[in-house]
There are 2 protein chains.
Amino acid sequence: MGRRATTRRIGIADVALKAGVSHATVSRVMNGNFTVDATIAARVRAAATELNYQPNPVGRSLALGKTDTIGIVVPDLSNPTFQAILRGLSMAAAQDGYRVLIADSSEVSSEEAILAGEARRRCDGLVLCAPRMSDAELEELAPSLQPMVLINRTTDAHAPSLMVDYGQGIQELAEHLVGLGHTRLAFLAGPERSASNGLRLLGLEKFKAGHPEIDLQMLEGGSNFEVGHQSVDAVLASGATGVLAFNDLVAMGLLSGLHERGIRVPEDISVTGFDDIPFARYTTPTLTTAAVPITELGQQAWHRMRDLIRNVPSDAAPEGPTVFQPRLEGRSSTGPASAERRGG
Amino acid sequence: MGRRATTRRIGIADVALKAGVSHATVSRVMNGNFTVDATIAARVRAAATELNYQPNPVGRSLALGKTDTIGIVVPDLSNPTFQAILRGLSMAAAQDGYRVLIADSSEVSSEEAILAGEARRRCDGLVLCAPRMSDAELEELAPSLQPMVLINRTTDAHAPSLMVDYGQGIQELAEHLVGLGHTRLAFLAGPERSASNGLRLLGLEKFKAGHPEIDLQMLEGGSNFEVGHQSVDAVLASGATGVLAFNDLVAMGLLSGLHERGIRVPEDISVTGFDDIPFARYTTPTLTTAAVPITELGQQAWHRMRDLIRNVPSDAAPEGPTVFQPRLEGRSSTGPASAERRGG
DNA sequence: GTGAAAGCGCTAACAT
DNA sequence: ATGTTAGCGCTTTCAC
């Protein structure tokens, strides 16, 4: 039965006609150009409201060469860390009248380049979040992606970069455990391709150098609940009394697995996370972790992007990456090493 | 020192020039129009790759009257439920070559209309997720937002709607507790303006009608951790042995608060959540909840949207809202009512 | 099969 | 102060 009554979209021409002026004048009024006579401006505004006219953003974008939109590419939108970054970015950008377009590469590093390019073409800038692609590829791609802001990654190609000092954070967590009397530690590692995992590894190397007396074992891992949950056996086999999980998710999985086995935390084993996602405050026991200002990271990403978009010269911008220091958040999942286990 | 070497963006004209053809021909080739001579097509393609040419999406959008982008408006991007919907939507849309633009209303219902309108103008369609605006406002806005898909909301104005049967789910949870011998229950309610909270309330009315012997108390609440955490006193004061939390977040907050007070779950009190967010499997104890296929909801939202965008006639589309049934997920946070407390 | 030209909806330089 | 006109980068008739 016929198509629904399609109320044709109102265009600038309709308003011009109704107000009895040229579309140029309508455009001027809509953009707050004060060279228009007050009477006429009022007439135009009246016509616009009456017709419920709103300028077509696509038309404006083409004319102005900007979309007031920025893109973000994340490896996995189901990861709370990236969700928080997205949120911080989106909120901050909205404050300045910008919107965000999202692209999820699903951890497929080969897709990243294509997604990034596509997103960039539709937007005024791109935030690349923990890209999994190689350094070489990133550097090659960078020029075509600019203006671009990097999160948890750097590149020789000029681009602002926001980093988290995971190395420092993991060291603090390890020191925290040592301070509690633990001498046998284990690190549940993250994804191979993750740069942030590499930084943690580097930090732990330093830690080992400073603590030759401590036994620190490296265990294979990943970045989600399941990994933590499935690592119970490996953790127990390691004989460690203090476990550094790659992130809060892994820690929560581990906590859950240990609980099922009747192993008490922190009495029998201490567990630490990383990131301090909101959930970390509400686990049982509450999770000792290294707090990363994730939402602020997203917010800062926008601010750097905004600088890029505004100051085309880009000489006032800070050189080198901005580094965020994680803050140790001591809660109840860590405690003194148990007497029995400490001995053994 | 001078602006960076700005490699001017390659346009269709550049390719046309290089290939020695008109831009019309380049356009044809780029769009897979087979009326172009094979030899020429090859020449054009060569020129395009050599120049690394990619059609400008804004130009295409203006010419084609479509952006291959859909918008989603959510009340709060920090809520895992909306994050999961966004994710499902984004993944499904990406599969069909569409991108998603996000708008977060921060629970400010007055902002919703503006955000929705803005987003809609930049996109080919809009997904309105649990809108907080009034029925009247929604209905008035609907025509200008079409094509539009609603989540957790319906409207008389014609628009596909995806609903979750929260009423049924909460009844099942209540029945589950009754089956475990609980006779004193409490419901930690959600946000006032939330339609899904209203549905739960309706479901509980039905439950009460069927179980006059059960004492069911209504407690004020909200939708996040803090609310659950702060409700411990109210819950204890109610004397309930079984607590139905508005959602998993509230349940987790409550779990955490109860643990701090030394109250055992489920021995002393049983707790249920709602949604079955990924975390619910990994709380201590694991959380009994009503599982909602959230990601699938987002995916379905795209499918309905796709139908809308493709079949302009829209007569084959299913009438009335699609309803998703939550599924009871019995885990360890619920157990038999304790003898002492059961007595009253 | 291919080019010339119109047009998508808007902004801005240029006339007047 | 306002209208006319030329783009922005592309697709698509319409001639040839």
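All values below were derived from every heavy atom in this structure, side-chain atoms included, with hydrogens, water molecules and symmetry-related copies excluded. Quick note on labels: first sequence line is chain A, next is B, and so on, each numbered from 1.
- Side chain B/Arg9 to base D/dG9: no donor-acceptor pair is found below 3.5 Å.
- Residue A/Asp68 contributes atom CG, which lies 20 Å from atom P of D/dC8 at whole-angstrom precision.
- Taking side-chain N and O atoms only, A/Asn56 has no distance below 4.0 Å to OP1 or OP2 of C/dC8.
- Summarising the geometry, the separation between CD1 on B/Ile40 and C1' on C/dG3 is reported as 11 Å, rounded to the nearest angstrom.
- The separation between B/Leu17 atom CG and D/dG9 atom P is 15 Å, rounded to whole Å.
- Here the nucleotide nearest the side chain of A/His23, chosen from D/dT2, D/dT11, D/dT5, is D/dT5.
- Between the side chains of A/Arg122 and B/Asn56, not a single donor N or O lies within less than 3.5 Å of an accepting N or O.
- Remark: C1' of D/dT12 and CG of B/Asn33 are 10 Å apart, rounded to the nearest angstrom.
- B/Glu107 has a carboxylate O that lies under 4.0 Å from a charged side-chain N of B/Arg132, or vice versa, which qualifies the two as a salt bridge.
- Across all strands, A/Val21 comes closer than 4.0 Å only to sugar-phosphate atoms, never to a base (heavy-atom distances).
- The backbone N or O of B/Leu115 lies less than 3.5 Å from no partner atom in the side chain of B/Arg120, so there is not a single donor-acceptor pair.
- Counting to the nearest Å, the P atom of D/dT4 and the CD1 atom of A/Ile12 are 14 Å from each other.
- Backbone-only engagement by B/Thr25 is indicated by non-hydrogen atom pairs under 4.0 Å involving sugar-phosphate atoms exclusively.
- B/Asp124 and B/Thr67 form a side-chain donor-acceptor contact under 3.5 Å, judged by distance and modelled atom types alone.
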Check residues 39-48 of chain B and write down every donor-acceptor pair under 3.5 Å in which the side-chain atom is one partner and the other belongs to a residue at least two apart or another chain.
{"from": "B/Thr39", "atom 1": "OG1", "to": "B/Asp37", "atom 2": "OD1", "distance (Å)": "3.0"}
{"from": "B/Arg43", "atom 1": "NH1", "to": "B/Ala19", "atom 2": "O", "distance (Å)": "2.6"}

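- Counting non-hydrogen atoms under 4.0 angstrom, B/Gly65 reaches nothing in the nucleic acid.
- Between D/dG9, D/dT11, D/dT4, one nucleotide has an atom nearer to the side chain of B/Leu64 than all others, and that is D/dT11.
- Closest to the side chain of B/Ser22, out of D/dC8, C/dG3, D/dC10, is C/dG3.
- Closest-nucleotide positions on DNA chain D for B/Ala63 and A/Ala38 were compared, and the one nearer the 5' end corresponds to A/Ala38.
- Straight-line distance from the CZ atom of B/Arg28 to the C1' atom of C/dA4: 10 Å, rounded to whole Å.
- Under 4.0 angstrom from either OP1 or OP2 of D/dC10 there lies at least one side-chain N or O belonging to B/Tyr53.
- In this structure, of D/dG3, C/dC10, D/dT11, it is C/dC10 that holds the atom nearest to the side chain of A/Pro55.
- Taking atom CE of residue B/Met30 and atom C1' of nucleotide D/dT12, one finds them 17 Å apart after rounding to whole Å.
- Summarising the geometry, the separation between CG on B/Leu62 and P on D/dG7 is reported as 17 Å, rounded to the nearest angstrom.
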